[in-house]
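Numbering starts at 1 and runs along the sequence shown. Since we're looking at a predicted model, the values are computed, not measured.
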Amino acid sequence: METRRIVAAVVTVVFGWSMAMTAMGHAAALVTLAPVLGLTVQQVVQALRPPTAPASGHRVVPVPDAEDGAP
């Protein structure tokens with residue numbers, strides 16, 4: 001649950017900053033920084049996500065059906 005709070009806090013700060021910049025009349029700066037803000041949020045979310053389970057590394061060779069060898 002703590003991870004969700006951190007993500008929510010980061011997203012709130014980033015978008016709050018964006019709204020404050022817009023309210024102060026710095027829309028041009030916001031437009032140029034929008035991709036950076038989006039990337040920042042994406043990287044924070046990705047970093048805080050739990051890693052996926054690793055694959056076993058065991059490869060299975062496909063076995064042909066009985067019909068494959070029939071004439």
Q.
As an exercise, state the distance from CH2 of Trp17 to OG1 of Thr22, rounded to the nearest 0.5 Å.
A. 9.0 Å

Q.
Test of understanding: with side-chain contact (heavy atoms from CB on, under 4.5 Å), list the residues that count as partners of Met19, not counting sequence neighbours.
A. none

Q) Does one hydrophobic cluster hold both Met24 and Phe15, with members joined at side-chain heavy-atom distances below 4.5 Å? A) yes

